[in-house]
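Keep in mind that the numbers below use all heavy atoms, side chains included, and drop hydrogens, waters and symmetry copies. Note that the coordinates shown come from a computational prediction; the quantities given were computed from them, not determined experimentally.
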Amino acid sequence: MTTATALTPASTAALDALSGPLADALIAAALGLVALMATAVVLTRDTVRQAIVLSGYGMVLGLLFLILQAPDVAMSQIGVGTVLLPLLVVLALHATRRYRHTTTGAESGTGRAKSGRKGADGRGGGRTRR
C-alpha cells in the first residue's frame with residue numbers, strides 16, 4: 001500500500017526555485033568565484049595573508065553550498081573553513097615564529113661564538129671592540 005503525496009503549487013515552486021537559466025547562471029558564477037578564490041589562496045606568498053584569503057575561500061564555499069541548497073553543510077563550512085582553520089593556521093605560525101626566535105637567539109647569541117674567545121659566561125665572544 002503506497003500513499004501518494006499531492007504536490008501543492010507552493011511545494012512545486014520550492015522544488016523549481018533553483019532550476020532554469022537564471023539558477024544555472026548563479027551556480028556557474030558561484031563556481032567561478034570558488035575557482036578564483038582557490039587560485040588566490042595558492043598564489044598568495046605571505047603565510048598570514050594566505051590564511052586571510054583562505055578564510056575568504058571558506059566563506060565563498062559556504063555561499064556555494066547555500067546556493068546548492070545544503071544549509072547544514074554551509075554552516076559547517078563557514079564555521080570550520082572561515083573561522084577555525086585560518087585561526088589555527090595563524091596561531092601555529094605565531095607559535096613557530098616565537099619558538100624559532102627564542103631558539104635562534106639562545107643558540108647563536110649575538111654573533112659572539114664566531115670569535116673563538118670565551119667570555120665570562122663561557123659561551124664565547126666576550127666584549128667586542130668598536
Side-chain angles (χ1 to χ4, degrees):
M1 180 170 144
T2 61
T3 58
T5 57
L7 293 175
T8 62
S11 63
T12 57
L15 289 175
D16 293 334
L18 275 179
S19 63
L22 187 59
D24 291 340
L26 181 64
I27 291 172
L31 284 171
L33 191 58
V34 166
L36 182 74
M37 287 299 293
T39 305
V41 170
V42 172
L43 294 179
T44 303
R45 293 288 182 202
D46 184 35
T47 50
V48 175
R49 286 188 179 138
Q50 191 174 32
I52 294 169
V53 175
L54 180 66
S55 178
Y57 175 65
M59 184 63 79
V60 170
L61 272 178
L63 178 69
L64 176 68
F65 292 142
L66 277 175
I67 291 171
L68 294 175
Q69 296 181 352
D72 53 343
V73 179
M75 286 175 39
S76 299
Q77 174 62 36
I78 289 171
V80 173
T82 303
V83 178
L84 191 64
L85 181 65
L87 180 66
L88 285 174
V89 168
V90 168
L91 289 176
L93 287 171
H94 177 69
T96 55
R97 287 180 182 168
R98 189 171 167 191
Y99 178 75
R100 187 179 346 151
H101 177 68
T102 58
T103 57
T104 56
E107 289 175 4
S108 66
T110 56
R112 294 181 289 185
K114 294 181 180 179
S115 67
R117 294 181 288 171
K118 298 282 184 184
D121 59 355
R123 289 190 296 171
R127 292 188 177 184
T128 58
R129 294 185 183 167
R130 293 185 182 194

Novice: Would Met37 and Leu26 show up in the same hydrophobic cluster when neighbours are defined by side-chain heavy atoms closer than 4.5 Å?
Specialist: yes
Novice: Shared ILVMFWY cluster between Leu36 and Val34, side chains joined below 4.5 angstrom?
Specialist: yes
Novice: Who are the side-chain contact (heavy atoms from CB on, under 4.5 Å) partners of Leu66, not counting sequence neighbours?
Specialist: Pro71, Ala74
Novice: Considering only distance and modelled atom types, tabulate donor-acceptor pairs under 3.5 Å from the side chains of residues 42-65, sequence neighbours left out.
Specialist:
| from | atom 1 | to | atom 2 | distance (Å) |
| --- | --- | --- | --- | --- |
| Thr44 | OG1 | Ala40 | O | 2.5 |
| Thr47 | OG1 | Arg97 | NH2 | 3.3 |
| Gln50 | NE2 | Val41 | O | 2.8 |
| Ser55 | OG | Thr82 | O | 2.8 |

Novice: Using a 4.5 Å cut-off on heavy atoms from C-beta on, say whether the side chain of Leu31 contacts that of Ile27.
Specialist: yes
